[in-house]
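Basis for what follows: all heavy atoms, side chains included, without hydrogens, waters or symmetry-related copies.
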Amino acid sequence: MNILEQMNKTKKIKNFDPDSVGDTNNNIFGLPFSSDEAAIIIIPVPWEVTVSYFAGTSKGPRAIFDASYQVDLFDPFIKDFWKVGISMEPISKTILANSNGLRKKAEKYIKLYEKGENPESNQVMKEIRKLINQECKKMNSWVKETSLHFLNKNKIVALLGGDHSTPLGLIQAVAKKHDSFAVLQIDAHADLRKAYEGFEFSHASIMFNALKIPEIIKLVQVGIRDYCLAEKELETKSKGRIKTFYDRDIKSQQYDGILWSQICQSIIAELPQKVYLSFDIDGLDPKLCPNTGTPVAGGFECEQVLYLIQKIVESGRQIIAFDINEVAPGNNEWDANVAARLLYRISALAARSNGKA
């Protein structure tokens, strides 16, 4: 940020009332900062081409943006965090329109799988799969280029999905800036399937694809409770590169009297100094995200996840970037409201871990 931008930011801070009603003329959370002035940049990706159950998460970024004006800006853990600045990039109408069009094609392909038929025996379906894989690759490239633009400006970058395939480009961009790091995945699903339903960049394949990035030295999964044998075998054969804390095991430990704080210390012990956080909203109890695409009984309370992230930050580790995905709005703002509050709190913790708050 140059001197003029710093002066403008200082003026905005002086004139801004964080206790007032969220101003919908401003950016996310009602904050007045531009992308040049903000320390944290949010990249919205309204994409859901390969979702395999319920759709709706392409509407997540807009719903979270709209719900964010209801979030109070006071954070007792980080005083005056709002002054650091958060700015969300415009939601791409092109990305959304492309997702909507491709989603209709993907549904035809997926329905054949669900009927027990082989879509690849149909030339039209085969071409649909190829097209979707090509377009998903283009989306990933766009996310990567956009992320690098802001990472090169020393911004903390967060991605707001969209389905869980969307952050691959951000993770790839982070790998260009950091020699080694771990991915901490909060999720109900392992997402280690190879080209699920024929789609190379499926939402169920995000971590399989992320592990192709050599800079990722560890994948630590927390809350997993829905997975297949092939995913379990991949973890078992990973020689420690994948460490999974299953929801069932976490609950069993708690029933036996082991504290969540102790379990968190075990999770943190698996992490290196630099951590990329990937947060699929279905890692939470479904009461907090009832409209997410693939809900699974079980999961966390919000404060459990935030406590874990806070302890990671207090351990001196750095949150180098993060994503929140699979938020789908229903008939009201509940899912988006929960996600907006998580986004603000995690942004504060990420800022603190990077010495910006």
Side-chain angles (χ1 to χ4, degrees), residues 1-2 5-6 9 12-13 26-45 61 64-65 68 71 73 75 77-90 143-162 166-186 210 215-216 271-279 305-306 308-325 339-357:
M1 190 162 36
N2 60 40
E5 290 166 347
Q6 183 61 59
K9 182 176 182 180
K12 288 179 179 180
I13 289 173
N26 286 340
N27 207 306
I28 193 165
F29 302 112
L31 294 171
F33 306 115
S34 68
S35 60
D36 289 326
E37 297 159 347
I40 299 171
I41 302 297
I42 299 169
I43 301 172
V45 187
I64 294 169
F65 183 89
S68 72
V71 177
L73 302 180
D75 188 326
F77 184 63
I78 303 174
K79 184 180 179 182
D80 292 336
F81 159 64
W82 65 270
K83 293 180 180 179
V84 169
I86 306 175
S87 179
M88 180 164 141
E89 287 293 281
V143 171
K144 181 180 178 181
E145 291 173 7
T146 305
S147 300
L148 277 172
H149 170 76
F150 290 111
L151 289 171
N152 287 334
K153 291 186 174 184
N154 199 32
K155 305 290 186 180
I156 299 170
V157 178
L159 181 142
L160 203 54
T166 55
L168 182 60
L170 173 56
I171 301 172
Q172 292 171 334
V174 167
K176 293 291 185 181
K177 307 295 289 186
H178 300 276
D179 293 335
S180 66
F181 60 96
V183 172
L184 172 62
Q185 176 191 1
I186 309 296
E215 288 81 3
I216 296 176
L271 297 170
Q273 177 63 26
K274 296 181 179 181
V275 181
Y276 176 96
L277 172 65
S278 189
F279 192 166
V305 176
L306 291 167
L308 170 60
I309 301 170
Q310 179 176 326
K311 291 303 174 183
I312 290 170
V313 174
E314 289 178 349
S315 75
R317 288 170 173 79
Q318 179 187 6
I319 307 296
I320 53 178
F322 69 93
D323 65 74
I324 298 177
N325 56 78
R341 294 173 189 281
L342 285 168
L343 177 61
Y344 189 76
R345 296 271 300 274
I346 294 171
S347 294
L349 290 164
R352 179 164 178 173
S353 79
N354 283 273
K356 294 182 181 291

[X] side chain vs [Y] backbone, donor-acceptor pair below 3.5 Å:
X    : Y    : value
D75  : F77  : yes
K9   : K83  : yes
N27  : P32  : no
S353 : A350 : yes
R352 : V313 : no
S147 : V143 : yes
K155 : A38  : yes
Q273 : G316 : yes

- [ ] Using distance alone, with no hydrogens and no angle criterion, decide if Y276 and D323 have a side-chain donor and acceptor under 3.5 Å apart.
- [x]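 Checked: Y276/D323 side chains pair up, N/O donor to acceptor below 3.5 Å.
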- [ ] With side chain to side chain contact (heavy atoms under 4.5 Å, CB included) as the test, would you mind laying out the steps for L170 and T146 before giving the verdict?
- [x] CA-CA 8 Å; L170 173 56; T146 305; over 6 Å; no
Open item on the list: So which atom in I86 and which in Y344 form the shortest heavy-atom distance, rounded to 0.1 Å?
Closed with: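 Answer, listing the atom of I86 first, then Y344: CD1-CD1, 4.0 Å.
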Open item on the list: Please report the interatomic distance CD1(I309) to CZ(F322), rounded to the nearest 0.5 Å.
Closed with: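 The distance works out to 8.5 Å.
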TODO: Please test N325 against L160 for side chain to side chain contact (heavy atoms under 4.5 Å, CB included), starting from the C-alpha separation and ending with a verdict.
DONE: CA-CA 6 Å; N325 56 78; L160 203 54; over 6 Å; no
Task: Heavy atoms from other residues, nucleotides or ligands near CG of D179 exceed 12 (cutoff 6.0 Å) - done: no
